[in-house]
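Below: the structure, in structure tokens.
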2 protein chains.
Amino acid sequence: MRTRNATGTSPRVIGRLCLYLRFLQDLGARGVGWVYSRELAWSAGVTPSQVRQDIMGIGYQGSAQHGYEVDKLAEAIHEKVGVADEARVILIGTGNLGRAILQFFQRNHPRMELVAAFESDIFLVGSRLHGIPILGLGELEATVRDQDIRMAILAVPENEAQNGADRLVSAGVRSILNFTPNRLHVPEGIYVEDTDIGISLVRAAFFGCCGKGVKV
Amino acid sequence: MRTRNATGTSPRVIGRLCLYLRFLQDLGARGVGWVYSRELAWSAGVTPSQVRQDIMGIGYQGSAQHGYEVDKLAEAIHEKVGVADEARVILIGTGNLGRAILQFFQRNHPRMELVAAFESDIFLVGSRLHGIPILGLGELEATVRDQDIRMAILAVPENEAQNGADRLVSAGVRSILNFTPNRLHVPEGIYVEDTDIGISLVRAAFFGCCGKGVKV
DNA sequence: TAGATTGTTAATCGATTAACAATC
DNA sequence: TAGATTGTTAATCGATTAACAATC
């Protein structure tokens with residue numbers, strides 16, 4: 001199963017564009033005006049060839065003489081990827097992981113807006129965590145519909161994962177950032193981004209200790 | 001740049017084996033004795049073909065009649081991936097993210113052992129967080145050497161990321177689970193697993209809101 | 001100019017899927 | 001047996017890299 005969109009942009013390309021954008025913003029802040037694919041490649045840990053492919057993919061053109069204009073390229077990438085800025089998001093689950101995500105929003109204040117967090121524990125409902133209102137799970141569907149929410153962060157206990165996803169999807173959510181250790185079964189057209197710390201730990205242990213991981 | 005090891009096991013395969021293992025352990029606990037590739041595939045969100053490929057890769061054989069024996073297959077996967085159980089890990093940085101990771105260890109108690117956490121704030125050094133001793137960054141190298149640590153979790157502020165990685169590598173660490181938003185530059189043979197919540201958010205927003213993500 | 005870089009196509013590489021004989 | 005499944009090879013698909021003409 002692959003994810004694609006109309007323009008052929010894959011999740012991997014989006015990830016790399018984000019990395020380029022961070023580097024470009026950094027360069028811009030330092031007053032650097034131009035950058036070569038080689039330098040962008042270095043910042044993102046990829047090849048210059050791939051950088052040029054990615055930039056070709058968003059239709060931006062550089063100069064063979066000076067490389068890419070920092071501000072212009074940043075703008076071009078932002079035009080492609082900047083939907084994140086307008087995204088309004090909800091969080092389901094305010095356990096340890098949920099609270100870490102709330103903190104992430106409070107600290108890094110990504111431009112996307114965290115509208116509300118949902119929680120089944122009625123003692124928490126009605127309060128606020130890191131400035132975000134905690135609503136009861138019963139209000140989930142109404143909130144998604146009324147506020148036209150298209151994206152949700154799922155951080156509920158494992159045994160509620162699929163049920164939570166089902167409710168989100170039927171309420172109208174189009175993409176889920178899944179922090180549960182389960183793989184979610186969703187209809188076609190719904191995007192799921194899995195984040196699995198347990199697997200990341202095992203992978204690092206495997207390649208670090210015994211797998212003799214080798215970059216080739 | 002790809003990561004490979006002697007036996008050809010890629011990070012993706014390891015990730016899927018972990019998912020199969022979780023499902024198998026669940027089945028085992030429920031007293032189920034046999035499982036088909038179709039069911040394993042469903043649990044991990046992949047195709048039965050891929051499941052059979054992965055299982056072939058670890059050298060386990062099933063039966064065309066009953067599928068795979070749950071306990072035996074779990075054991076075979078565990079034999080491949082179970083190095084994680086013996087891994088001893090250190091954490092660098094005890095900010096918000098670092099503390100979330102400490103909580104993760106305390107709650108999910110993965111079998112790998114979190115030996116110590118390192119912190120530059122001298123007011124925290126000497127105390128314990130979630131049962132884990134907090135040491136000063138000056139003790140990093142000695143600890144890695146004396147305790148033969150091969151894996152580290154990097155959760156320092158962005159501007160200390162590369163420096164932290166350099167110190168870890170030169171002290172002898174072989175793999176890094178990187179929670180900073182930077183891509184680390186490490187020598188060949190060192191494995192880095194990147195976890196980037198910011199990018200995950202942007203991806204989900206992109207494919208949920210405007211990218212019209214479609215599973216194909 | 002000479003040298004370095006981009007844009008873009010072609011080649012390569014790896015990962016996934018399909019197909020099907022063998023099996024029970 | 002008939003039907004379903006595995007093991008395994010071949011085909012497909014996608015992503016990455018290499019190559020090189022065009023450019024300045």
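Reminder, nothing fancy here: chain letters follow the sequence lines and each chain counts from 1.
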For the side chain of A:Arg52, counting heavy atoms from C-beta on, which of D:dC20, D:dT6, D:dT23 is nearest?
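The closest nucleotide is D:dC20.
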Among the candidates D:dT5, D:dT23, C:dG7, find the nucleotide nearest to the side-chain atoms of A:Gln61.
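Selected nucleotide: C:dG7.
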Between A:Arg16 and D:dT16, is there a contact of a side-chain N or O with OP1 or OP2 at under 4.0 Å?
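So the side-chain polar atoms of A:Arg16 do come within 4.0 Å of the phosphate oxygens OP1 or OP2 of D:dT16, strictly under.
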Give a yes/no answer on whether the side chain of B:Arg12 brings an N or O atom under 4.0 Å of OP1 or OP2 in C:dT16.
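Answer yes for this pair, as a side-chain N or O of B:Arg12 is under 4.0 Å from OP1 or OP2.
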Output the rounded distance in Å from [atom1] ([X]) to [atom2] ([N]).
X: B:Gln50; N: D:dT6; atom1: CD; atom2: P; value: 15 Å
X: A:Tyr60; N: C:dG7; atom1: OH; atom2: P; value: 9 Å
X: A:Ile55; N: D:dT17; atom1: CD1; atom2: P; value: 15 Å

Name the residue closer to the 5' end of DNA chain D, choosing between B:His66 and B:Met56 according to the nucleotide with the nearest heavy atom.
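The residue closer to the strand's 5' end, by nearest nucleotide, is B:His66.
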Residue whose closest nucleotide on DNA chain D lies nearer the 5' end, B:Gln53 versus A:Ser49
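Going by which nucleotide is closer to the 5' end, it is B:Gln53.
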Please produce a list of atom pairs where a protein N or O lies less than 3.5 Å from an N or O of nucleotides 1-3 of chain C.
none

Could you tell me the separation between the CG atom of B:Leu201 and the CG atom of A:Leu114, rounded to the nearest 0.5 Å?
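Answer for the CG-CG pair, B:Leu201 versus A:Leu114, is 9.5 Å.
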Hey, what do you get for CG (B:Leu154) to CD (B:Glu160), rounding to the nearest 0.5 Å?
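Reported value, rounded in 0.5 Å steps: 9.5 Å.
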For B:Glu69, does the CD atom have more than 12 heavy-atom neighbours from other residues, nucleotides or ligands under 6.0 Å away?
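Yes, enclosed.
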Ion pair [X]/[Y], N-O distance below 4.0 Å:
X: B:Asp196; Y: B:Arg203; value: no
X: B:Arg30; Y: B:Asp26; value: yes
X: B:Asp148; Y: B:Arg150; value: yes

Side-chain donor/acceptor of B:Arg174 to backbone N/O of B:Val169, under 3.5 Å
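Such a contact is absent between B:Arg174 side chain and B:Val169 backbone.
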Within the distance-only criterion (no hydrogens, no angle test), does the side chain of A:Gln147 pair as donor or acceptor with the backbone N or O of A:Val144 below 3.5 angstrom?
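Pair absent, no side-chain N/O of A:Gln147 close to backbone of A:Val144.
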Which nucleotide, in any strand shown, forms a Watson-Crick or G-U wobble pair with C:dA11, with both distances under 3.5 Å?
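Pairing partner, where one exists within any strand: D:dT16.
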Pairing partner of C:dA22 (Watson-Crick or G-U wobble, both distances under 3.5 Å)
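By the stated definition (distances under 3.5 Å), D:dT5 pairs with C:dA22.
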[X] side chain to [Y] side chain, donor-acceptor N/O pair below 3.5 angstrom:
X: A:Asn182; Y: A:Thr180; result: no
X: B:Asp166; Y: B:His185; result: no
X: A:Thr94; Y: A:Glu119; result: yes

Residues within residues 32-44 of chain B bordering DNA chain D, heavy-atom distance below 4.0 Å
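Result for residues 32-44 of chain B: B:Tyr36, B:Ser37, B:Arg38, sorted by number.
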Contact list for DNA chain C against residues 67-76 of chain A - heavy-atom distance below 4.0 Å
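Residues of residues 67-76 of chain A that come under 4.0 Å of DNA chain C are, in numerical order, A:Gly67, A:Tyr68.
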